[in-house]
K.L.:
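What follows is a single structure, and I will ask about it in a moment.
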Amino acid sequence: MAIETLGILVGVLLISYAARFVPATQSRQCLLLAASYFVYAHWAGKLALLVLIGSSLLNYCWGAVLRRRPTAALLWIGIGLNVLLLGFFKYLLPVAEHLPPLSSQAELLQQITIPIGISFWTFQGLSYLFDLYREEELNPTLLEFCLYMALWPTVLSGPVCRLPKMLPQFRNRPDGSISEDFSIGTVRIIQGLFMKLVLAQLLAAGLTPDGGVNAGFDGVAPPRSGLDVWALAIGYGFQIFFDFAGYSNIVIGAARLLGIRLQENFDRPYLSLTPSIFWTRWHMSLSFWIRDYVFLPLASVRRDPWWPYAAMIISMTIFGFWHGASLTYIAWGIYHGLLLLGHRLCQRANKRLQLKLPHPVGALLSWANTFLLVSLGYIFFRANDLGQAFRMLRAVIEPRSYSFDYATLSHDYYLLVAVMVVGYFLYVGLAQLLVLWTTRYREKLRATAPPAPALRVATWNMFSCAALCTERTVLENKWWWLTPVFVLLLMVTTLSVFGQSSNIAPFIYTLF
Amino acid sequence: MACFATEHDPMKGNVFYEWVAVRASMGMAVLGFALLLSYMALGHTVIKGIYKSHFSIVDQIMEARKSTPIESYLSAADEGVLKLGSRLVLAGALAFVILKNPLGVLFSGASFLIGSFAIFCLLDMFPAFVKPLHLDIIPYFNYRLTYVPDPMLGFRERPFNQSEIDNFRGFAYSPVYGIDVQPRTMTWQTDQNGFRNPPASSLADVAVIGSSFVEYGSDLADTYPQRLEKKLGGSRVVNLGKAGYGPLQFLEVLKRYGLEKRPRYVILAFYPPGDADLHLADFTKGRVDLSLAKRHIAFGGFLPRYRIAVEQVWRMLNSGWWTVLQVGFRGIVGRDFIHPDVAVLRLPNNVMEKVIFLGRHAEKSVEDLLHSPEWIALEKILVSFKQVSEQNRIVPLILYIPAASEIYAEYSTSESGVNWLKYRDTQIATIKNNEEAARQLAQRVGIQLINLVPAFKQAAGQSKLVYYRLDDHWNSEGREIAARVTAEVLQTLSSMAPKTRARSKSNDTESNPQLESILQQAKADLRGGIMLRTLDGKINFWNPGAEQLYGWSQREAVGKVSHDLLRTQFPEPLEKIDAQLVKTGRWEGTLVHITRDGRRVVVESQWVLESQGQRGSVVEINTPVG
């Protein structure tokens with residue numbers, strides 16, 4: 001991130017924050033829209049802004065047509081128009097780059113760049129058409145619809161919003177408490193910045209110049225050892241999680257500051273016990289989109305018992321293809337489709353066999369299985385081509401490649417991944433413990449009568465009283481010690497950003 | 001805390017005052033916020049309107065309206081409003097929190113101190129994390145990573161230190177100035193003494209001693225000493241410059257590292273704004289000079305170091321966020337401003353340049369300069385410098401490096417920023433004094449002076465910049481010109497000098513064990529085969545030795561996979577060998593190869609991995625056994 005972009009974002013955040021206090025609905029929306037277009041033009045360029053406006057107008061007009069006559073044919077035309085736009089910028093342009101620059105058209109094509117975030121807001125437009133086809137009551141004004149497509153926190157890389165949830169928030173002044181929105185918003189922004197700009201960067205670049213995920217995948221020698229491949233897969237899994245979940249945190253926090261509540265995008269996905277639970281916790285906004293608008297309609301097309309499975313694989317393939325025109329993404333989608341299919345079949349077999357493991361063991365096995373298989377899937381996602389992916393997967397299968405002699409990754413990398421993984425699960429555990437402690441404390445407080453007069457306290461009671469007192473100080477004034485933690489995180493993050501200055505590694509999800 | 005005050009406090013008056021104070025602090029923050037927003041919306045339009053209007057009252061406010069461009073007013077207003085607005089917001093918010101909950105703020109402050117101390121201790125224990133977290137932008141951490149303490153010099157750089165700085169734009173770069181500078185990558189490596197030379201540099205004909213001017217360059221070949229070596233053709237030049245050293249250290253460097261190189265010439269690079277006006281001025285005023293200060297910063301006691309780290313982090317965050325705010329603010333209100341420090345130059349042929357004069361020359365007369373304590377100290381140092389040199393039969397020379405202002409001040413126009421305009425006239429009036437003082441001093445001490453001013457002025461006359469725009473150091477162009485001028489002087493000197501010295505070239509070669517071993521190696525290479533191949537074995541280069549050894553010609557071999565072509569038998573699995581090669585960079589062992597005519601040859605094989613970007617290439621040297 002260039003320093004200049006950072007500064008402009010701070011300024012725009014101030015302006016949009018002021019919009020919270022504008023009483024007139026339309027002026028508030030105008031202010032937000034102007035800020036959004038300013039940010040988008042700064043980030044993606046004026047041409048891309050024109051595409052965004054064009055797409056907004058197109059979807060709005062087509063929506064008006066569809067509202068009058070919600071027929072399948074009209075819906076298909078709407079979908080076709082959107083897919084055409086997306087296909088042109090996202091899938092045709094990369095192909096055109098590979099063409100030899102013979103004709104003048106090829107040269108012209110090369111000058112056009114992908115409008116950043118096109119896959120995200122095109123899907124928002126599509127969901128509007130789908131909702132209208134289902135005859136949901138949606139009557140946005142043009143201003144509201146444009147704002148929905150371009151709202152600046154979400155315009156670059158999601159989360160993919162849905163109009164029914166956004167519309168009331170655009171129309172009414174934010175009703176949440178200002179101080180609560182402020183504290184939650186800032187905390188999430190800081191958390192996100194730290195995840196994205198420190199943790200993800202650390203994993204990508206490594207402690208030593210050739211000790212990171214990037215060096216592992218793009219380095220001089222493709223890893224041939226099974227251990228290396230596992231470490232890379234898990235390391236990249238955490239890198240992309242920190243990167244994208246961190247980004248989502250920033251976006252959701254920024255929107256919260258403005259008084260807008262967005263859909264969550266990640267919910268501790270690496271704690272999932274099964275692949276299908278994983279997909280309700282990873283990139284939730286998009287996976288629910290695919291479920292609602294691709295999988296469910298597709299699954300209801302045929303009545304054969306095998307058809308839902310096929311629909312699942314098709315949906316996951318589309319999910320993969322959405323990330324870009326590359327075989328590796330498609331392979332990743334198919335891999336996850338097969339994973340889901342395998343899980344379903346196992347479930348059915350299990351029902352018939354009545355296999356029961358004692359609870360903690362079964363859960364642990366199930367979790368480990370899911371975590372490792374999901375991590376392995378990232379090999380497809382990150383590999384530079386399919387050949388590399390398969391070579392790496394072969395190393396995982398071959399038992400003899402697990403010898404330590406074959407390992408080429410540096411010890412620093414193993415250390416880094418271990419620290420990150422253990423640290424993350426420790427953090428999740430601690431956070432959970434704190435929540436648990438707070439609720440138990442609340443219950444205890446409710447159960448006990450107001451504290452007894454001090455004179456009647458017996459000596460044995462003194463201790464529990466002191467404990468309660470400490471508990472109360474710690475829990476009722478969390479900000480006394482949580483604020484400094486977040487301020488310190490913010491300081492480390494800003495220093496890291498200043499240190500990299502205009503040199504932040506390309507943000508993985510803006511490329512989609 | 002707040003509940004104590006409001007519910008049970010009988011002193012109603014206090015509650016009232018608190019209520020007023022809380023409202024006042026909130027009002028302050030809101031006022032600051034409103035100020036910023038309204039200026040973003042209207043500021044520049046209003047100022048431009050006033051600037052162009054004809055009211056007489058305006059002439060009193062904007063006195064110098066006729067001679068000052070609008071950009072200067074805009075820039076001053078931007079900065080003023082932003083400063084006032086952000087300070088109001090911060091102060092208001094802070095007062096609000098403190099009034100609302102003083103105990104909590106106290107507790108938070110204490111936890112904050114504990115937390116920061118914990119981070120400091122962790123980084124002290126695990127310095128490996130400093131660089132990946134990019135904390136080396138804080139000088140304290142940077143010094144600790146790169147320096148070792150030294151009793152005489154203050155600090156030295158670590159021997160064989162290697163680093164790479166991406167996106168380097170100059171030491172004073174800031175987007176605030178609105179001057180675009182292309183980022184460069186700087187690669188850095190030091191020799192056994194911590195100076196920037198190829199590793200294991202031994203004897204040299206010329207030693208260059210100085211400060212950052214001598215040391216810097218995008219890579220090794222870009223430095224002044226290496227450029228000089230290239231110009232001299234055949235003579236070796238050693239770089240003994242170190243950023244942060246001053247004249248006090250120069251003498252020690254000569255004694256400790258210069259003499260052992262047995263040079264014929266030693267050049268002392270003298271840059272008055274740094275060496276005299278900073279280093280020696282600190283020294284003569286009894287302050288700790290820069291070089292010793294660096295030692296105090298990096299290697300002091302634990303608590304002082306913590307204090308310094310906190311202080312530097314605070315300063316970095318402060319200036320960094322201020323830059324972010326300023327740049328972002330200007331991105332929104334408009335870019336039609338000129339930073340007050342910027343000097344706009346009009347070079348011949350109407351070439352316009354924007355620069356910042358960071359190092360300005362001292363504005364004193366020649367007599368004042370020569371009688372100032374700094375220059376008197378310098379004279380003493382130069383006298384002993386000459387003495388030490390001549391005792392060791394070395395010819396001392398002084399390289400006079402002018403400040404950028406001495407070359408370019410004359411070209412600055414009145415469109416420049418107001419801060420520079422304040423200095424401009426006195427700077428131009430004293431433009432020749434430092435040069436003249438240095439000339440007289442060198443004459444008095446009896447050391448020949450290499451003066452760069454004429455050559456630099458000539459380059460400026462051709463509309464070239466010989467300094468970085470946002471950095472007081474000379475750029476590649478400047479280093480190149482300096483190397484040319486120096487080489488000319490050295491060549492005339494050596495053509496005049498009688499060949500009295502016992503040392504001659506051929507003697508050197510014989511006594512140098514390193515060269516010896518290289519020659520040996522080269523002879524051995526004639527017998528062995530050398531190939532350059534990819535990690536997978538695809539051959540890219542095949543030398544005549546290999547042709548002779550294996551019977552395959554270069555044309556046949558290139559493009560084939562070497563392990564298949566030679567049917568190599570490995571002592572251990574190839575995967576294992578490759579793994580070691582990638583991990584350590586080299587592999588050695590005995591291989592069996594089959595030649596074109598089916599003969600079996602046993603070779604001692606050496607593999608060295610050279611990574612170039614993302615692809616690696618392997619140099620494989622095979623020497624037949626027996």
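Throughout, protein chains are lettered first and strands after them, A, B, ... in sequence-line order, and every chain is numbered starting at 1. As a basis for the values below, the full set of heavy atoms in this structure was taken, side chains included, without hydrogen atoms, waters or symmetry mates.
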K.L.:
Give a yes or no on this: more than 12 heavy atoms of other residues, nucleotides or ligands lie within 6.0 Å of atom CZ of Phe112(B).
P.N.:
yes

K.L.:
Name all residues meeting the side-chain contact (heavy atoms from CB on, under 4.5 Å) criterion together with Tyr402(A); count only those two or more places apart in sequence or in a different chain, and write none if there are none.
P.N.:
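Only Leu227(A), Trp230(A), Val396(A) meet the side-chain contact (heavy atoms from CB on, under 4.5 Å) criterion with Tyr402(A).
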
K.L.:
Can Met316(B) and Met491(A) be said to form a side chain to side chain contact (heavy atoms under 4.5 Å, CB included), step by step?
P.N.:
CA-CA 10 Å; Met316(B) 173 60 77; Met491(A) 278 168 60; over 6 Å; no

K.L.:
Tyr17(A) and Phe33(B): which non-hydrogen atoms are nearest, and at how many Å?
P.N.:
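Scanning both residues completely, I find the closest heavy atoms to be CD2-CZ, 4.0 Å.
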
K.L.:
Identify the residue among Leu416(A), Val198(A), Leu202(A) that makes a side chain to side chain contact (heavy atoms under 4.5 Å, CB included) with Pro132(B).
P.N.:
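Running side chain to side chain contact (heavy atoms under 4.5 Å, CB included) over Leu416(A), Val198(A), Leu202(A) with Pro132(B) returns exactly one hit, Leu202(A).
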
K.L.:
What distance do Lys576(B) atom NZ and Ser225(A) atom OG have between them, rounded to the nearest 0.5 Å?
P.N.:
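Going from NZ on Lys576(B) over to OG on Ser225(A), the span is 13.0 Å.
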
K.L.:
Any chance you could lay out the side chain to side chain contact (heavy atoms under 4.5 Å, CB included) test for Ser116(B) and Leu488(A), step after step, and finish with the verdict?
P.N.:
CA-CA 7 Å; Ser116(B) 68; Leu488(A) 282 172; 4.0 Å; yes

K.L.:
Should Trp321(B) and Val10(A) be marked as a side chain to side chain contact (heavy atoms under 4.5 Å, CB included) after you check the CA-CA gap, both sets of side-chain angles, and the distance that decides it?
P.N.:
CA-CA 10 Å; Trp321(B) 273 110; Val10(A) 172; 4.2 Å; yes

K.L.:
Out of Thr483(A), Ile15(A), Thr208(A), return the one with the most heavy atom pairs under 4.5 angstrom to chain B.
P.N.:
Ile15(A)

K.L.:
With a 4.5 angstrom heavy-atom cut-off, which part of Ile138(B) approaches chain A: side chain, backbone, both or neither?
P.N.:
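Contact with chain A: side chain only.
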
K.L.:
Please look at Leu133(B) and chain A and tell me whether the side chain, the backbone, both or neither of the residue comes under 4.5 angstrom of a heavy atom of that chain.
P.N.:
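Looking at Leu133(B), backbone and side chain both touch chain A.
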
K.L.:
If you tally heavy-atom pairs under 4.5 Å against chain A, which of Leu106(B), Ile137(B), Asp136(B) wins?
P.N.:
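It is Ile137(B).
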
K.L.:
Minimum heavy-atom separation for Leu14(A) and Leu36(B), please, with both atom names.
P.N.:
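Here Leu14(A) and Leu36(B) meet closest at CD1-CD1, 4.4 Å.
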
K.L.:
What part of Ala18(A) lies closer than 4.5 angstrom to a heavy atom of chain B: side chain, backbone, both or neither?
P.N.:
both

K.L.:
How many angstroms lie between atom NE2 of His134(B) and atom CG of Leu197(A), to the nearest 0.5 angstrom?
P.N.:
10.0 Å

K.L.:
Mind checking which of residues 122-131 of chain B sit less than 4.5 Å from chain A, heavy atom to heavy atom?
P.N.:
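Those residues of residues 122-131 of chain B which have a heavy atom under 4.5 Å from chain A are Ala128(B), Phe129(B).
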
K.L.:
Pick one of side chain, backbone, both or neither for Leu581(B), based on which atoms fall under 4.5 Å of a heavy atom in chain A.
P.N.:
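Neither part, no heavy atoms under 4.5 Å.
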
